[in-house]
Amino acid sequence: MEVEESSPSSSSLSSPAGSSDSIDLNFLPFLKREPKSEPASPERGPLPLPAPPAQTPQQQHAAAAAAPAASAAPPPATPDMSFAPVMTPLQALPPNPDEDALLREYYRLASLYLSSAGTGAIVSAPAPGAAAPAVVQPGSGSVVKKRRPRSSELVRVSSLGVRDQIYFRDLVRRARITFECLRGLLLRDDERAESLGLGGVAGYGGGGDRRRVRADLRAAALMADQDLWLNRDRRIVGSMPGISVGDAFFFRMELCVLGLHGQVQAGIDYVSAGRSASGEPIATSIIVSGGYEDDDDRGEVLVYTGHGGRDPNLHKQCVDQKLEGGNLALERSMAYGIEIRVIRAVKSRRGPVGKVYFYDGLYKVVDYWLDRGKSGFGVYKYKMLRIEGQEPMGTVNYRIAEQLKVDVFAVRPTGYLSFDISMGRELLPVALYNDVDDDRDPLLFEYLARPIFPTSAVQGKFAEGGGGCDCSENCSIGCNCAGRNGGEFAYDKTGVLLRGKPLVYECGPHCRCPPSCPNRVSQKGLQHRLEVFRSRETGWGVRSLDLIKAGTFICEFSGIVLTQQQSEIVAANGDCLVRPNRFPPRWLDWGDISDVNPEYVAPDYPALPELNFAIDVSRARNVACYFSHSCSPNVFVQFVLFDHYNASYPHLMIFAMENIPPLRELSIDYGMVDEWVGKLTM
DNA sequence: GAAATTTCATCATG
DNA sequence: CCATGATGAAATTT
């Protein structure tokens with residue numbers, strides 16, 4: 001497969017996916033168009049509801065199975081839980097000239113995304129105090145772009161090599177960053193407009209201004225305008241490249257942007273009957289939101305209720321469901337053995353909506369029947385079994401972690417070496433867990449929650465840059481500290497970093513503003529329950545019991561800070577030094593929305609002095625020291641100043657680069673040379 | 001809790 | 001037969 005021709009800027013992409021031969025695309029054209037194929041369902045026309053004490057679902061299903069097979073002769077719907085990656089041999093298919101279209105689409109997106117990254121394009125900085133909206137939205141007179149409809153061609157992607165996985169992971173991360181940062185900036189712009197008393201007040205029922213109010217929808221729309229939604233050219237069956245079991249999401253729109261689930265509200269996503277090759281609808285994913293009273297979710301076994309038949313206002317069934325649309329699609333997917341992606345919603349206050357969506361992996365529909373729901377009306381039910389051999393479910397990890405916070409021994413009776421290696425020095429306890437071997441190494445180090453800077457570096461450096469601000473309330477645009485940050489604060493009101501910068505200035509001890517000032521974030525310390533744990537793959541590692549939202553602060557990199565001279569002496573006898581200039585500037589990626597708004601490029605930041613100091617972690621260290629290395633990391637380093645203003649000695653603050661679900665290992669890019677990386681596991 | 005908002009499937013029409 | 005537009009549904013979100 002050649003990709004060059006389709007990706008003009010492929011120099012930066014040169015076969016990033018490790019050339020395509022490691023990718024299998026299994027097309028599913030076995031669904032041949034049959035003019036008169038009917039579902040192998042017992043009902044046509046009016047649906048015979050089981051009389052109250054009548055048939056059990058199983059009995060009714062048995063009747064369904066006994067019914068003559070449909071003319072399309074789908075394979076028998078035996079619960080085949082083996083994960084057969086190849087459903088139809090590729091050789092048996094008619095040659096498909098467009099076989100690599102999926103890859104090409106990825107490369108097209110990649111070139112869109114990457115062309116703007118790291119180019120260092122710099123325009124003039126906004127004047128201090130200026131508050132231009134970050135996102136200029138198309139006015140009412142703008143041309144409405146025609147958007148490509150989503151394809152209906154079913155395809156399965158399997159056998160991704162390691163390089164491909166990293167490549168797609170980065171691509172997905174890039175899209176998610178664009179979405180999330182766009183949303184954050186739109187919200188900030190709204191607040192500004194509101195505080196300035198401009199028209200178009202956000203909120204419903206408002207007057208004449210027809211502004212769209214929901215930032216998630218606006219962000220998604222802006223991305224759609226640039227054709228930045230993923231997976232629109234093929235309908236992927238099974239797992240999505242770049243999305244792992246356990247991943248967390250906060251918005252339905254996010255799922256649409258990624259193509260994981262294309263319905264804005266509906267719980268069943270499917271290829272429509274009219275557009276499918278066989279003329280039958282085929283379901284590919286569902287969302288278990290907990291809103292249907294007749295659902296019965298036991299985790300690995302799930303009884304899912306079809307959609308429809310509800311009163312739009314009350315959350316109650318009011319008429320019988322029909323075997324059509326998504327309901328029929330689920331039945332057809334069962335008949336064809338099509339696996340279904342399952343996304344579950346869980347209540348959580350960490351999410352902006354009070355709700356989090358976890359991708360829980362692939363299931364197969366093994367049974368379905370028409371039942372009488374709690375409301376007394378007919379509902380379709382689908383029994384689904386999780387396919388074995390997948391990573392643990394996101395919702396399961398979430399529940400385990402929640403339980404661990406309450407009652408450790410109920411979940412892990414043994415293995416904890418310490419419940420708080422910080423001995424109370426951190427805001428929250430940092431546990432130490434090892435159920436793998438006898439290593440107790442982290443107990444040997446003094447725990448240092450804050451780095452100790454050399455006095456020569458810090459003394460007399462408090463007032464540099466004009467000192468602190470004089471705000472008596474929370475800081476706002478125009479104050480001294482805002483100016484130091486180039487006119488805008490780095491965080492939104494919830495403490496999410498809006499965009500990575502070479503250096504972020506938080507308000508410090510010399511500012512008058514209260515501790516509640518939104519420009520004080522990383523200085524407040526740990527906000528997530530972290531745990532150092534032993535793993536066979538990565539040695540010591542770190543994970544969180546709390547769901548970590550992308551862009552939030554996690555922890556600081558602590559230790560004894562050495563000047564360049566000091567570090568040269570120490571380095572002679574064994575290397576236990578962390579060098580800040582080794583970290584690749586991953587902060588560049590966070591907050592980069594140049595794909596959507598090329599105008600919003602990095603302002604002309606003042607050049608940072610070279611960072612020649614080192615952090616000695618040989619005696620004293622904190623939890624950050626145990627982060628594993630990855631070249632596709634989920635956290636990054638942002639330099640921050642607050643207690644002193646010597647730009648040569650910033651704090652190394654670690655932020656989340658993506659939503660990190662509970663119990664997933666945190667990983668950082670140490671910028672290690674390849675030979676080292678080879679020794680570690682990726 | 002109701003209203004606003006989007007996408008998609010479906011159906012009708014040309 | 002394909003393209004286009006209108007319509008209604010949807011386990012959302014604020």
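A note on names: the letters A, B, ... follow the listed sequences, proteins ahead of strands, and every chain is numbered from 1. Side chains included, hydrogens not; waters and symmetry mates left out as well; all remaining heavy atoms used.
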What is the minimum heavy-atom distance between [X] and [Y], and which atoms define it?
X         : Y         : result
Leu545(A) : Glu402(A) : O-OE2, 4.4 Å
Ser244(A) : Tyr359(A) : O-CD2, 3.3 Å
Ala215(A) : Leu186(A) : O-CD1, 3.9 Å
Trp229(A) : Ala224(A) : NE1-N, 3.3 Å
Glu658(A) : Arg664(A) : OE2-NH1, 4.4 Å
Arg298(A) : Asp296(A) : NE-OD1, 3.1 Å

Original post:
Taking only Watson-Crick and G-U wobble pairs with both distances under 3.5 Å, what dot-bracket line describes DNA chain B, where [ ] shows pairs that cross earlier ones and | shows pairs with another strand?
Top reply: .|||.|||||||||
Original post:
Would you say the ring centroid of Phe655(A) lies under 6.0 angstrom from that of Phe553(A)?
Top reply: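 So the answer is yes for these two rings.
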Closest listed nucleotide, where the reference is the side chain of [X] and the choices are [options]:
X         : options                  : value
Tyr304(A) : dT14(C), dC8(B), dA11(C) : dA11(C)
Arg214(A) : dT6(B), dA11(C), dA4(B)  : dA4(B)
Leu217(A) : dT5(B), dC8(B), dT13(C)  : dT5(B)
Met253(A) : dT13(C), dA11(C), dT7(B) : dT7(B)

Original post:
Looking across every strand, which nucleic acid part, if any, lies under 4.0 Å from Gly290(A) by heavy atom: base, sugar-phosphate, or nothing?
Top reply: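 The residue Gly290(A) makes base contact.
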**OP:** May I ask you to say what Val264(A) touches in the nucleic acid, namely base, sugar-phosphate or nothing, with a heavy-atom cut-off under 4.0 Å?
**Re:**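 Here Val264(A) touches the bases of the nucleic acid.
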Subject >> side-chain N/O Tyr357(A) vs dT13(C) OP1/OP2, d < 4.0 Å >> reply: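 True: Tyr357(A) side-chain N/O within range (under 4.0 Å) of dT13(C) OP1/OP2.
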Original post:
For Arg218(A) and dT13(C), is the shortest distance between a side-chain N/O and OP1 or OP2 below 4.0 Å?
Top reply: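 Result: no.
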Gap between atoms [atom1] and [atom2], on [X] and [N] respectively (whole Å):
X         : N       : atom1 : atom2 : result
Arg183(A) : dT14(C) : CZ    : C1'   : 11 Å
His261(A) : dA9(B)  : NE2   : C1'   : 13 Å
Ile286(A) : dA11(C) : CD1   : P     : 13 Å
Asn327(A) : dA11(C) : CG    : P     : 10 Å
Asp311(A) : dG8(C)  : CG    : C1'   : 15 Å
Gln265(A) : dT12(C) : CD    : P     : 6 Å
Asp295(A) : dA11(C) : CG    : P     : 11 Å
Leu255(A) : dT12(C) : CG    : P     : 12 Å

Set out, line by line, the N/O atom pairs under 3.5 Å between protein and nucleotides 10-14 of chain B.
unit_1, atom_1, unit_2, atom_2, d
dT10(B), OP2, Ala273(A), N, 3.1

**OP:** Between Val353(A) and Gly291(A), just flag the one whose closest nucleotide in DNA chain C comes earlier from the 5' side.
**Re:**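 With Val353(A) and Gly291(A) compared, the 5'-side residue is Gly291(A).
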Original post:
When the nearest nucleotide of DNA chain C is assigned to Asp216(A) and to Ala266(A) on a heavy-atom basis, which residue is associated with the more 5' position?
Top reply: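 Its nearest nucleotide being more 5', the pick is Ala266(A).
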Original post:
Is it the case that Lys381(A) places NZ or CZ above or below the six-membered ring of Tyr368(A), under 6.0 angstrom from the centre and within 45 degrees of the axis?
Top reply: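 No, Lys381(A) does not sit over the ring of Tyr368(A).
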Subject >> The single option from Asn231(A), Asp247(A), Leu258(A) passing side chain to side chain contact (heavy atoms under 4.5 Å, CB included) against Val172(A) >> reply: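 For Val172(A), the side chain to side chain contact (heavy atoms under 4.5 Å, CB included) check succeeds only for Leu258(A).
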**OP:** Check the side chains of Ser285(A) and His261(A) for a donor-acceptor pair under 3.5 angstrom, ignoring hydrogens and angles.
**Re:**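 Present: a donor and an acceptor within the cut-off.
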